[in-house]
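Right, I'll just put the structure down here and ask away after.
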Protein chains: 2
Amino acid sequence: MQKLKGIKVLLVDDEPNILEFLEMGLQDEGFEVMTAQDGMMAVTLAKQFQPHIIILDVMMPGMDGFEVCRMLKKSENVAIIMLTAKDEVDDRVKGLMLGADDYMMKPFSFEELLARIQARIRNQFPNLMEEVVHGPFRIDDRRKEILYNQRVLELSTTEYELLKYLVINQGLVLSKAKILDKVWGYDFGGDENIVEVYIRSLREKLKDKEHRLIRTLRGSGYRVDL
Amino acid sequence: MQKLKGIKVLLVDDEPNILEFLEMGLQDEGFEVMTAQDGMMAVTLAKQFQPHIIILDVMMPGMDGFEVCRMLKKSENVAIIMLTAKDEVDDRVKGLMLGADDYMMKPFSFEELLARIQARIRNQFPNLMEEVVHGPFRIDDRRKEILYNQRVLELSTTEYELLKYLVINQGLVLSKAKILDKVWGYDFGGDENIVEVYIRSLREKLKDKEHRLIRTLRGSGYRVDL
DNA sequence: AGTAAATATTAAGAATTCGTGATAATCTTC
DNA sequence: GAAGATTATCACGAATTCTTAATATTTACT
């Protein structure tokens, strides 16, 4: 498995045992870890420590996880994974989770948490991975730039997000529904046609006239071949 | 002027005013700063945060500065500067200070503290010194001046702070929300438009007619390219 | 080949975001 | 307290981006 270097993780939970358990485990994996036991502390620490990712328990005395998530998402570029007990998950909670990037139900295995963290990092900070270069593509997320054959592509935000998603999942077939979910968000009401429109725009900018780079798999979706 | 980058400082004092004053000043100088208001917290934070240097007030309720110093010096590789009120300094205190690397008597000027910190760092972490020239920009934080191509820019305070923030984070995309947070403060109530207005003013003074120096990334923010 | 479904292409208008100049409010300085 | 600089607000036009919808083309299947 790939090792991530210099990734900062902030753990927030009111149970010291869990906190310590996770802290030791993550440090062992090479993460830089800090911990907070309540919401206020979490917000303060997040501003100071500037973590890449926050593992955030929903149920806490005082300011709860939702509140913390809302406050930080506004201004900080950080991935948030929410933790919740299994029996707390109803629709209301699910709704509130939406600000987060991912969520997990307790109890979970440490391996699972690790996998989720890696997935988040890959998604949100692909430049921190040792592998930033996907064939002729180079994704620089901090600059919000994608290079194709050493040339900067002039992309709108949506085009950028879409191409990034496609390239990162290079080799996989991605259905339009899935693309819509990931790039436009689960609550996008419009037609799937918009994906086609954007794919076309990307192909044009990539001079992919023959559709060899971004392949159409009729009935299944699209796939980037490198 | 030489600048220190990535130096972590932990401030420990029970007076929030002093704490805040020093924190802002040091952050302004480019240090990574965290704060603690009592001895217990200081020890906990020191273990997690692994600061290069600790500024430690002697007189605190609960665990006092000596105690904290003793505990940390045993196991952590950290420089400690102790702070004490002038009238507390007798021979007994001097004796106890010996564990520390340096000490200062209150009141002291910020400049003095800076000098001491720099001296300590030079001594204990000589490999961390760095020059602060960002391409054609030279930021002189003591004079609150920014030079662009050897010319002094005539900037208002806000313009100065904004340009400094942009230049220091050169190459990164900074959202307007984030800029507001960092330059105007988290509690600024107004509209994000003010960022646009100031960006415009900076572009004018930088003669950046083509927006090549300060680029707009529509929907994402701004980015300085050097 | 004929047909239906899926995808591609295009263009137009809706919506959003940004830039700009004017102006009001606030703070400084003499 | 007048003059000047600075900061903040506002409104509107310009520019870009997003979305939709209508039409064309391709593909799969009978």
Side-chain angles (χ1 to χ4, degrees), chain A residues 144-146 152-166 173-224, chain B residues 144-146 152-166 173-224:
Chain A
K144 294 216 182 297
E145 262 181 6
I146 299 182
V152 177
L153 296 170
E154 297 284 342
L155 304 172
S156 78
T157 310
T158 309
E159 288 168 347
Y160 174 84
E161 295 297 336
L162 173 57
L163 181 55
K164 179 173 125 188
Y165 179 60
L166 293 176
V173 181
L174 304 166
S175 70
K176 279 181 280 196
K178 192 160 188 176
I179 291 173
L180 222 42
D181 254 29
K182 294 291 178 179
V183 180
W184 274 263
Y186 76 107
D187 54 348
F188 180 76
D191 196 89
E192 293 190 344
N193 168 253
I194 198 168
V195 176
E196 296 159 14
V197 171
Y198 270 84
I199 290 279
R200 157 160 169 63
S201 146
L202 284 182
R203 280 172 171 159
E204 180 146 337
K205 295 191 179 184
L206 293 166
K207 305 196 193 339
D208 184 25
K209 213 143 195 328
E210 309 298 319
H211 302 188
R212 271 181 296 202
L213 239 183
I214 302 177
R215 256 177 214 295
T216 301
L217 294 135
R218 189 162 268 258
S220 320
Y222 297 94
R223 185 185 68 207
V224 167
Chain B
K144 300 285 173 209
E145 269 181 2
I146 299 183
V152 178
L153 295 170
E154 297 284 342
L155 302 173
S156 75
T157 314
T158 310
E159 288 167 348
Y160 172 81
E161 293 298 334
L162 173 56
L163 182 55
K164 178 174 133 193
Y165 179 59
L166 293 175
V173 177
L174 305 166
S175 72
K176 280 179 279 196
K178 195 159 188 169
I179 292 173
L180 266 189
D181 249 34
K182 298 291 176 180
V183 179
W184 275 263
Y186 3 8
D187 50 351
F188 180 78
D191 196 90
E192 293 189 344
N193 170 254
I194 197 166
V195 176
E196 296 160 15
V197 172
Y198 271 82
I199 290 279
R200 165 176 152 57
S201 143
L202 283 183
R203 279 173 173 159
E204 188 143 325
K205 296 192 178 183
L206 293 166
K207 306 199 194 334
D208 184 24
K209 210 148 198 316
E210 310 295 320
H211 301 189
R212 273 182 295 199
L213 238 184
I214 302 177
R215 299 201 67 178
T216 301
L217 293 128
R218 203 160 254 263
S220 308
Y222 296 95
R223 186 187 70 205
V224 167

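The chains referred to below are lettered A, B, ... by the order of the sequence lines, with proteins before strands, and numbering in each begins at 1.
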Q. In this structure, are over 12 heavy atoms from other groups packed under 6.0 Å from Lys205(B) atom NZ?
A.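 Counting other residues, nucleotides and ligands, NZ of Lys205(B) exceeds 12 neighbours.
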Q: Taking only the side-chain heavy atoms of Phe188(B) (C-beta and beyond), determine which of dA8(D), dC18(C), dT20(D) contains the nearest atom.
A: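 Out of dA8(D), dC18(C), dT20(D), the nucleotide with an atom closest to Phe188(B)'s side chain is dA8(D).
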**Q.** Residue Arg218(A), side-chain atoms from C-beta onward, closest of dT17(D), dT27(D), dG19(C)
**A.**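 The listed nucleotide nearest to Arg218(A)'s side chain is dT27(D).
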Q. Hey, does the side chain of Arg215(B) reach the backbone of Tyr222(B) with a donor-acceptor pair shorter than 3.5 angstrom?
A.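 Here the side-chain-to-backbone pair does not exist.
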Q | Ile199(B) vs Ile199(A), nearer the 5' end of DNA chain C by closest nucleotide | A |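 In this pair, the answer is Ile199(A).
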**Q.** N or O in side chain of Thr158(B) less than 4.0 angstrom from dT6(D) OP1/OP2
**A.**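 Checking dT6(D) against Thr158(B), no side-chain N or O comes under 4.0 Å of OP1 or OP2.
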Q) When the distance from OH of Tyr222(A) to P of dT7(C) is rounded to whole Å, what number comes out? A)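 Taking atom P of dT7(C) as the reference, OH of Tyr222(A) is at 6 Å.
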Q. Expressed in angstrom and rounded to an integer, what is the separation of Leu206(A) atom CG from dA8(C) atom C1'?
A.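 My rounded result for the distance is 16 Å.
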Q: From the options dT20(D), dT16(C), dT7(C), select the nucleotide whose nearest atom is closest to the side chain of Val197(A).
A: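 The listed nucleotide nearest to Val197(A)'s side chain is dT20(D).
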Q. In terms of side-chain heavy atoms of Trp184(B), which of dA8(C), dG19(C), dA8(D) is nearest?
A.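 Closest nucleotide among those given: dA8(D).
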Q: Considering only NZ, NE, NH1 and NH2 on the basic side and carboxylate oxygens on the acidic side, decide whether Lys182(A) and Glu161(A) come within less than 4.0 Å.
A: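 No, this pair does not count.
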Q | N or O in side chain of Ser156(B) less than 4.0 angstrom from dT7(D) OP1/OP2 | A |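 True: Ser156(B) side-chain N/O within range (under 4.0 Å) of dT7(D) OP1/OP2.
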Q: Among the candidates dT6(D), dG19(C), dT9(C), find the nucleotide nearest to the side-chain atoms of His211(A).
A: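 The nucleotide sitting nearest to the side chain is dT9(C).
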Q. When all nucleic acid strands are considered with a 4.0 Å heavy-atom cut-off, which category describes Asn193(A): base, sugar-phosphate, or nothing?
A.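 Here Asn193(A) touches the bases of the nucleic acid.
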Q) Can Arg200(A) and Glu196(A) be counted as an ion pair, charged N to O under 4.0 angstrom? A)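 Here Arg200(A) does not pair with Glu196(A) in a salt bridge, since their nearest N and O are not under 4.0 Å apart.
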**Q.** N/O (side chain, Tyr160(B)) to phosphate O (OP1/OP2, dT6(D)) under 4.0 Å
**A.**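 So the side-chain polar atoms of Tyr160(B) never come under 4.0 Å of the phosphate oxygens OP1 or OP2 of dT6(D).
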Q: Quickly work out the Arg200(A) CZ to dT17(D) C1' distance and round it to whole Å.
A: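 Going from CZ in Arg200(A) over to C1' in dT17(D) covers 16 Å.
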Q: Using a cut-off of strictly less than 4.0 Å, decide whether Lys176(A) has a side-chain nitrogen or oxygen near OP1 or OP2 of dT7(C).
A: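 For dT7(C), OP1 or OP2 has a side-chain N or O of Lys176(A) closer than 4.0 Å.
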Q.
Test side-chain contact (heavy atoms from CB on, under 4.5 Å) on Ile199(B) and Thr216(B); report intermediate values, then the result.
A. CA-CA 10 Å; Ile199(B) 290 279; Thr216(B) 301; 5.8 Å; no
(Q) From the set dC18(C), dT10(C), dA8(D), return the single nucleotide nearest to any side-chain atom of Tyr198(B). (A)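 Within the option list, the nearest is dA8(D).
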Q) With respect to the phosphate group of dG19(C), does any side-chain polar atom (N or O) of Thr216(B) fall under 4.0 Å of OP1 or OP2? A)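 The answer is yes; a side-chain N or O of Thr216(B) sits under 4.0 Å from OP1 or OP2.
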